[in-house]
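Letters A, B, ... are given to chains in the order of the sequence lines, protein chains preceding strands, and every chain is numbered from 1.
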Protein chains: 2
Amino acid sequence: MKLINQLSKETGIPIGTIRFYEKSGLVKGQTKKEVTTNNYVYYDEETVEKLRFIQMAKAVGFTLSEIKEVVDAWYKKQISKVAKIEVLNKKLLQIDEKMKELKAVKKQIAVCIYNIESAVD
Amino acid sequence: MKLINQLSKETGIPIGTIRFYEKSGLVKGQTKKEVTTNNYVYYDEETVEKLRFIQMAKAVGFTLSEIKEVVDAWYKKQISKVAKIEVLNKKLLQIDEKMKELKAVKKQIAVCIYNIESAVD
DNA sequence: ATTAACTATACAGTATACTTCATACTTGTT
DNA sequence: AACAAGTATGAAGTATACTGTATAGTTAAT
């Protein structure tokens, strides 16, 4: 169990951003009942995993609310098995779509480089 | 040569967004000097290509300013061949990075689905 | 000629995702 | 004891990328 500063260092995500994610319901720490002098929040390894997932998913263009759907399907106990799988399979389709777009962008740029290289000044 | 309404319909990008992109320097139409009664702006096929590129690049998480770098390297005559190629090669690296992240996200979700499916209710 | 639809411009407003600031309390070090 | 560094909370501010509104002129169809 780690405090927010350590969590931030391990993931490279700023403290302010982690707090923002917590307010948005993406991650959740917990206070220790045995500690009575403060209300410091502790985070577990699962939170580290979640944050790394959020980083990657953001990098490939998913919004926080799209990411929240996945994280909820992943961890929330209230959601039924069937509903979770439905959400996740939809995400897989979106990922394949992005994969295609990424390849198209790459190809476009490769062609562009070729054209520039073979152009006469 | 097409007007903004047609351009919008061909690409699926709202008129307001196209105007916003034009203000941001991503695309550029031109007025016809022979038309003197209005200042309607006409767009060519190159603009359609650019807009399609912008759509894809945005879908995989590139920002408009990152996209602008590519579009400038692609079309701007003021930029030297060497500088253009440098920009584009950097983009290719970023794309490979995104490709990796996309695969990691996919794997993560696939594992997640497997875990849910094999879990006992 | 009228009127619906299209175009241009400028500016205000919105959504998302942070980021900073102010305040106040807690902990660890010297 | 003092003080730097860490933590919590709330609210305001910022950047990006649109989105909507208001105004005014233009074009096409009836």
Under 4.0 angstrom between B/N38 side-chain N/O and D/dG25 OP1 or OP2 = no
Let me know the distance between CD1 of B/I13 and P of D/dT19, rounded to the nearest Å.
-> 11 Å
Rounded distance in Å - NZ (B/K68) to P (D/dA17) | 12 Å
Value in whole Å for how far the P atom of D/dG6 lies from CG of A/L7 | 15 Å
Do we get A/K68 above A/Y21's six-membered ring, with its NZ or CZ under 6.0 Å from the centre and within 45° of the axis?
-> no
Judged by modelled atom types alone, do A/T47 and A/D44 share a side-chain donor-acceptor pair under 3.5 Å?
-> yes
Using atom types as modelled, flag every donor-acceptor pair under 3.5 Å from a side chain in residues 28-38 of chain A to any protein atom, sequence neighbours excluded.
from: A/N38; atom 1: OD1; to: A/Y40; atom 2: N; distance (Å): 3.1

To the nearest Å, how far apart are A/M1 CE and D/dT7 C1'?
-> 16 Å
Looking at A/E45 and A/K2, does any basic side-chain N land under 4.0 Å from a carboxylate oxygen?
-> yes
What string of B, S and - do you get for nucleotides 1-18 of chain C 5' to 3' if you count protein non-hydrogen atoms under 4.0 Å?
-> -----BSBB-------BB
Using a strict cut-off of less than 4.0 Å between a Lys/Arg side-chain nitrogen and an Asp/Glu carboxylate oxygen, indicate whether B/K100 and B/D96 qualify as a salt bridge.
-> no
In whole angstroms, how far is the P atom of D/dA8 from the CD atom of A/Q30?
-> 13 Å
Candidate list B/V70, B/I13, B/V27, B/T17, test side-chain contact (heavy atoms from CB on, under 4.5 Å), partner B/I54, passing option | B/V27
